[in-house]
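All remarks here apply to the structure that follows.
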Amino acid sequence: QDRVVLSESCPMYMIHRGVIFPTNSHDEESLDYAENRFQVWDEDIFNVTYPKSGTTWMQQILTLIHSNGDPTLSRSVPSWERVPWIEQRTAHGYLETRPSPRLITSHLPVQFFPKSLFHSKAKVIYTARNPKDTFVSLYHFYNMSGFLEDPGATQDFLNKFLSGEAVIYGSWFDHLRGWLGVKDKVNLLFITYEELLQDPRGSVIKVCNFIGKKLDDKAIDSVVENSSFKSMKENQMTNYSLVPDSIMNQKKSPFMRKGICGDWKNYFTVAESEHFDVVYHEKMRNLDISFTWDKN
Ligand code: A3P
């Protein structure tokens, strides 16, 4: 099963049932806690993403909705403390003490998710992004992160991404297919980065409706304004500037990098894009859904 071969000289990663996780924030204990011991409450709201798909953005949107549009919390507490990751070492002991409704983030593929989710009424918001843009964002993230290997040439990293075997959290395709596969078993809202960008207000209202929160127009305006790219790029609680350079070197690439759709066009050659499309159609076959990014 563990087809990925990591050299012993690569302590940055661990392999958990075939999927790579960075060891700076995960270990077998934290993954076991998330999957087997964490108790999901009916009121829990999960922000689930494949990395670089809008995780921080949804953390901000959820915080602001939860605060009825009041930006105080979103400007004074780091995003990762407000909407913490369930699979990271810091979760155990912290999540149990959070007031309900808990806002929780996860990059976990569905097979590693807390088992108790499937016996709960908890809500899951799954945000997906055009995989080509996800790839470009992930490439830059590997470049600036001290806890990830140097991604090397884009072509090499693209092959790793498409094979899904040698990137953190595994295959983008498996992640998406896995979560879409449980959409009738859990309370799940599927939303895309592209939708958030194209219609921020409509998206915020969609999220409000899903989590059963009624906000007035002024509060919705505040959620939209305080979760804009510009606002989040300037906000120390969302732009990761609190993290030391040794962990995230923003001189190499800012965490809030571009925040746009279609940046892949600046990076892919025609041949790479065509190859990507072939792999995409193969891996996504029999999925009877059209995605926002399928059109371009
Ligand atoms: P880019 O690298 O393409 O700019 P994650 O939070 O999942 O790690 O995703 C990070 C990506 O989301 C980055 O993409 C970042 O710029 C983008 N992002 C974060 N907040 C955003 C916002 N409010 N609007 C648009 N993009 C945002």
Side-chain angles (χ1 to χ4, degrees), residues 22 24-25 46-65 71 74-75 78-88 103-109 125-145 147-148 151 154 157 161 167-169 172 175-176 179 191-204 207 221-243 247-268 292-293:
N24 74 325
S25 45
F46 289 95
N47 165 30
V48 179
T49 58
Y50 187 81
K52 313 320 289 177
S53 304
T55 323
T56 320
W57 197 357
M58 190 54 76
Q59 286 176 321
Q60 184 76 346
I61 291 172
L62 287 173
T63 304
L64 288 159
I65 291 177
S74 74
R75 290 183 189 159
S79 49
W80 58 87
E81 280 180 28
R82 293 184 254 123
V83 197
W85 271 264
I86 195 174
E87 61 268 25
Q88 297 192 352
L103 306 177
I104 304 169
T105 297
S106 183
H107 287 320
L108 286 174
I125 301 168
Y126 187 91
T127 312
R129 185 181 191 184
N130 182 339
K132 288 180 178 170
D133 284 332
T134 304
F135 166 78
V136 170
S137 187
L138 189 64
Y139 181 80
H140 286 89
F141 187 65
Y142 263 69
N143 241 326
M144 60 92 92
S145 297
F147 59 93
L148 300 173
T154 42
F157 194 63
F161 183 84
V167 279
I168 50 171
Y169 300 96
W172 179 91
H175 203 280
L176 181 76
W179 276 101
I191 197 160
T192 63
Y193 180 99
E194 290 71 24
E195 260 177 278
L196 289 171
L197 203 63
Q198 202 188 357
D199 182 10
R201 203 162 204 286
S203 302
V204 167
V207 173
D221 289 344
S222 172
V223 176
V224 172
E225 188 187 318
N226 288 286
S227 63
S228 71
F229 182 73
K230 186 173 177 300
S231 165
M232 288 179 62
K233 194 174 170 73
E234 286 163 5
N235 183 347
Q236 281 198 319
M237 301 299 148
T238 51
N239 65 15
Y240 279 84
S241 58
L242 298 176
V243 171
I247 299 179
M248 288 188 191
N249 187 345
Q250 306 222 26
K251 290 179 200 95
K252 286 191 180 167
S253 179
F255 185 90
M256 292 290 164
R257 198 181 58 88
K258 287 194 182 171
I260 58 170
C261 293
D263 194 32
W264 66 268
K265 291 173 189 158
N266 297 315
Y267 289 89
F268 283 56
T292 38
W293 54 80

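Only this structure's heavy atoms are used, side chains among them; waters, hydrogens and symmetry mates stay out. Predicted, not measured: the structure shown is a model, and the values here were computed from it. Each ligand, and each atom within it, is numbered from 1 in the order the structure gives.
With sequence neighbours excluded, the residues satisfying side-chain contact (heavy atoms from CB on, under 4.5 Å) with Asp221 are Arg201. For the side-chain contact (heavy atoms from CB on, under 4.5 Å) test, residues two or more places apart in sequence or in another chain that qualify with Thr49 are Asn47, Ser53, Thr55, His107, Thr127.
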Short N or O contacts of ligand 1 with protein, under 3.5 Å, listed by atom name?
{"residue": "ligand 1", "atom": "2 (O)", "partner": "Ser137", "partner atom": "OG", "Å": "2.7"}
{"residue": "ligand 1", "atom": "2 (O)", "partner": "Arg257", "partner atom": "NE", "Å": "2.8"}
{"residue": "ligand 1", "atom": "3 (O)", "partner": "Arg129", "partner atom": "NH1", "Å": "3.4"}
{"residue": "ligand 1", "atom": "3 (O)", "partner": "Arg129", "partner atom": "NH2", "Å": "2.9"}
{"residue": "ligand 1", "atom": "3 (O)", "partner": "Arg257", "partner atom": "NH2", "Å": "3.0"}
{"residue": "ligand 1", "atom": "4 (O)", "partner": "Lys258", "partner atom": "N", "Å": "2.7"}
{"residue": "ligand 1", "atom": "4 (O)", "partner": "Gly259", "partner atom": "N", "Å": "2.8"}
{"residue": "ligand 1", "atom": "6 (O)", "partner": "Thr55", "partner atom": "N", "Å": "3.4"}
{"residue": "ligand 1", "atom": "6 (O)", "partner": "Thr56", "partner atom": "N", "Å": "2.9"}
{"residue": "ligand 1", "atom": "6 (O)", "partner": "Thr56", "partner atom": "OG1", "Å": "2.5"}
{"residue": "ligand 1", "atom": "7 (O)", "partner": "Lys52", "partner atom": "N", "Å": "3.1"}
{"residue": "ligand 1", "atom": "7 (O)", "partner": "Ser53", "partner atom": "N", "Å": "3.1"}
{"residue": "ligand 1", "atom": "7 (O)", "partner": "Gly54", "partner atom": "N", "Å": "3.1"}
{"residue": "ligand 1", "atom": "7 (O)", "partner": "Thr55", "partner atom": "N", "Å": "2.9"}
{"residue": "ligand 1", "atom": "7 (O)", "partner": "Thr55", "partner atom": "OG1", "Å": "2.4"}
{"residue": "ligand 1", "atom": "8 (O)", "partner": "Lys52", "partner atom": "NZ", "Å": "2.9"}
{"residue": "ligand 1", "atom": "14 (O)", "partner": "Arg129", "partner atom": "NH1", "Å": "3.2"}
{"residue": "ligand 1", "atom": "14 (O)", "partner": "Ser137", "partner atom": "OG", "Å": "3.4"}
{"residue": "ligand 1", "atom": "16 (O)", "partner": "Arg257", "partner atom": "N", "Å": "3.3"}
{"residue": "ligand 1", "atom": "23 (N)", "partner": "Trp57", "partner atom": "NE1", "Å": "3.3"}
{"residue": "ligand 1", "atom": "23 (N)", "partner": "Ser227", "partner atom": "O", "Å": "2.9"}
{"residue": "ligand 1", "atom": "23 (N)", "partner": "Phe229", "partner atom": "N", "Å": "3.3"}
{"residue": "ligand 1", "atom": "26 (N)", "partner": "Tyr193", "partner atom": "OH", "Å": "2.7"}

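Screening residues 224-233 for salt bridge (Lys or Arg N to Asp or Glu O under 4.0 Å) gives Lys230-Glu234 as the qualifying pairs, with residues at least two apart or on separate chains.
The one candidate from Lys251, Lys252, Gln250 that meets the side-chain contact (heavy atoms from CB on, under 4.5 Å) condition with Pro254 is Gln250.
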Check: How far apart are the C-alpha atoms of Trp57 and Tyr193, what are their side-chain angles, what is the distance that settles it, and do they pass the ring-ring contact (aromatic ring centres under 6.0 Å, His included) test?
Finding: CA-CA 9 Å; Trp57 197 357; Tyr193 180 99; 5.1 Å; yes
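Using a 4.5 Å cut-off on side-chain heavy atoms (C-beta onward), Phe255 and Met144 make contact.
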